[in-house]
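Structure first, commentary second.
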Amino acid sequence: MIDLQSLTITSARKKLDAKEFSAVSLAQAYLDEIEKKNESLNAYLEVYGDVIEQATYADNLIAEGKSFPLLGIPLAIKDNILIKGKKVTAASKILGNYIATYDATVIKKLKENGAVFLGRANMDEFAMGGSTENSAFGPTKNPHDISRVAGGSSGGSAAIVAADLALGALGSDTGGSIREPASFCGVVGFKPTYGVVSRYGLMALGSSLDCIGPITKTVEDSQIILEAIKGLDILDSTTIAISLTPSEKAKVIGVPWSVVNMEGVDPKVKENFLSSIEKLKVLGYEIKDISLPNLGLALAIYYIIMPAEASSNLSRFDGIKFGLHVPGKDLIQDYNFTRGQGFGLEVRRRILLGTYVLSSGYYDAYYSKAEKARAILKKEFENAFKEVSLILTPTAPFPAWKIGEKNDPLSVYLADIFTVTANIVGVPAISIPSGVVEVLGKNLPVGIQFMAPQGEDSLLFEVGKIFESK
Ligand code: GLN
């Protein structure tokens with residue numbers, strides 16, 4: 001029996017190399033665990049039929065003496081990242097039967113590394129949401145309390161890692177979709193600097209915000225996955241090359257108290273945050289109050305820019321080129337029927353919002369104003385990072401809520417208050433488990449978020465490893 005609970009990517013790699021178990025037996029252990037738990041969690045939308053075949057391939061390479069960091073490591077992939085020949089739906093009915101025709105760059109890189117793909121992870125439809133309740137295929141349940149959400153939009157990926165249904169997972173993060181579910185499920189979620197990981201083969205949501213990143217049990221594991229998937233890519237012109245070796249150590253950590261103290265932050269989350277700060281002080285970090293005067297605008301900026309870009313990106317789903325086709329009496333009716341029936345409520349809401357803020361007459365009032373505010377926020381971050389190496393906030397203002405509890409979209413949007421800024425300004429951010437808070441007799445995980453300057457992703461791994469070890 002392989003003890004999946006204590007296993008990490010790092011320890012599994014050693015055990016695979018030492019032939020303590022084979023990639024096939026490891027993959028089989030995960031398949032058995034998935035068989036036991038997935039029906040109640042709804043974290044995987046599909047478990048692939050060729051897992052053992054993939055693991056056998058990895059075992060053959062191990063037998064030849066090869067050892068890549070992810071060789072034989074079972075991973076889950078969010079359902080908006082393309083794997084050639086496999087179904088990929090973005091948890092939407094409009095792509096219910098869509099089969100990917102090529103590999104995303106991250107998949108190509110993971111394949112070269114010998115990773116084993118277990119299946120595709122549930123998510124909010126087209127990554128719009130913070131709870132996975134917007135999946136067309138039912139919500140993912142939180143492994144710590146199945147009456148609660150797993151967070152989102154990468155809720156499937158986070159629940160999978162938390163429930164030992166894979167050693168790691170890929171998620172995507174446009175406004176917090178890796179970090180918020182990671183914090184709700186008690187695992188590590190990493191959003192790289194914009195451009196560090198190629199988005200070729202990721203279904204686009206907000207192209208100026210979207211990032212792919214890892215969800216894992218440990219900070220070190222996230223670093224291993226990021227190392228494997230990062231890099232310049234001719235197929236994504238926004239990509240940049242960075243090194244994950246830290247150039248200097250982080251010493252001063254800034255806290256934007258005005259935002260952390262805002263109304264609506266759960267007092268227990270705040271208490272947990274304060275105890276994390278104490279811990280950091282004991283670890284030798286200096287904590288400094290920083291002012292980011294326009295941070296309070298981040299949510300408003302995000303909920304203009306993201307729907308604007310989403311409405312444009314999603315115009316490709318017209319019922320002609322991809323997926324579902326509901327015929328009407330003419331082309332316009334084809335579009336109406338297909339998009340009306342294929343997209344869920346939240347997706348339609350954002351397409352309408354986005355089309356509105358981009359329409360002539362409103363473009364200047366909303367979209368271009370949001371872009372101007374974004375530029376100001378970027379400047380404020382640049383200035384703050386002259387004084388501090390990192391910025392710290394809670395990851396989310398409250399722990400996981402009950403499924404169905406938040407039925408107005410605005411209250412779900414508020415969960416993104418601390419996470420959207422990193423996407424707006426393009427900086428890297430990590431969510432690390434910081435303990436639990438008790439709600440109605442259940443211990444629910446919460447996380448803290450560190451943000452670093454652009455390209456300084458390595459600082460987050462450095463401080464993250466120190467923080468999690470204590
Ligand atoms: N919760 C945010 C939203 O609904 C973030 C989504 C994401 O990062 N994909 O837009």
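Numbering of ligands and ligand atoms starts at 1, following listing order.
Lys268 forms no cation-pi arrangement with Phe273, by the criterion of a distance under 6.0 Å to the ring centre and an angle within 45° of the ring axis. By the 6.0 Å and 45° rule, Lys86 stacks over the aromatic ring of Tyr48. Both tests do not hold together for Lys87 against Tyr98: distance to the six-membered ring centre under 6.0 Å, angle to the ring axis within 45°.
Between Tyr367 and Tyr362, a ring centre-to-centre spacing not shorter than 6.0 Å is recorded. Aromatic ring centroids of Phe190 and Phe461 lie under 6.0 Å apart.
With respect to Asp173 and Arg179, a salt bridge is recorded, a charged nitrogen being found less than 4.0 Å from a carboxylate O.
If you look at ligand 1, the protein residues with a non-hydrogen atom under 4.0 Å away are Ala127, Met128, Gly129, Gly130, Ser153, Asp173, Thr174, Gly175, Gly176, Ser177, Leu205, Tyr302, Tyr303, Met306, Arg350, Asp416.
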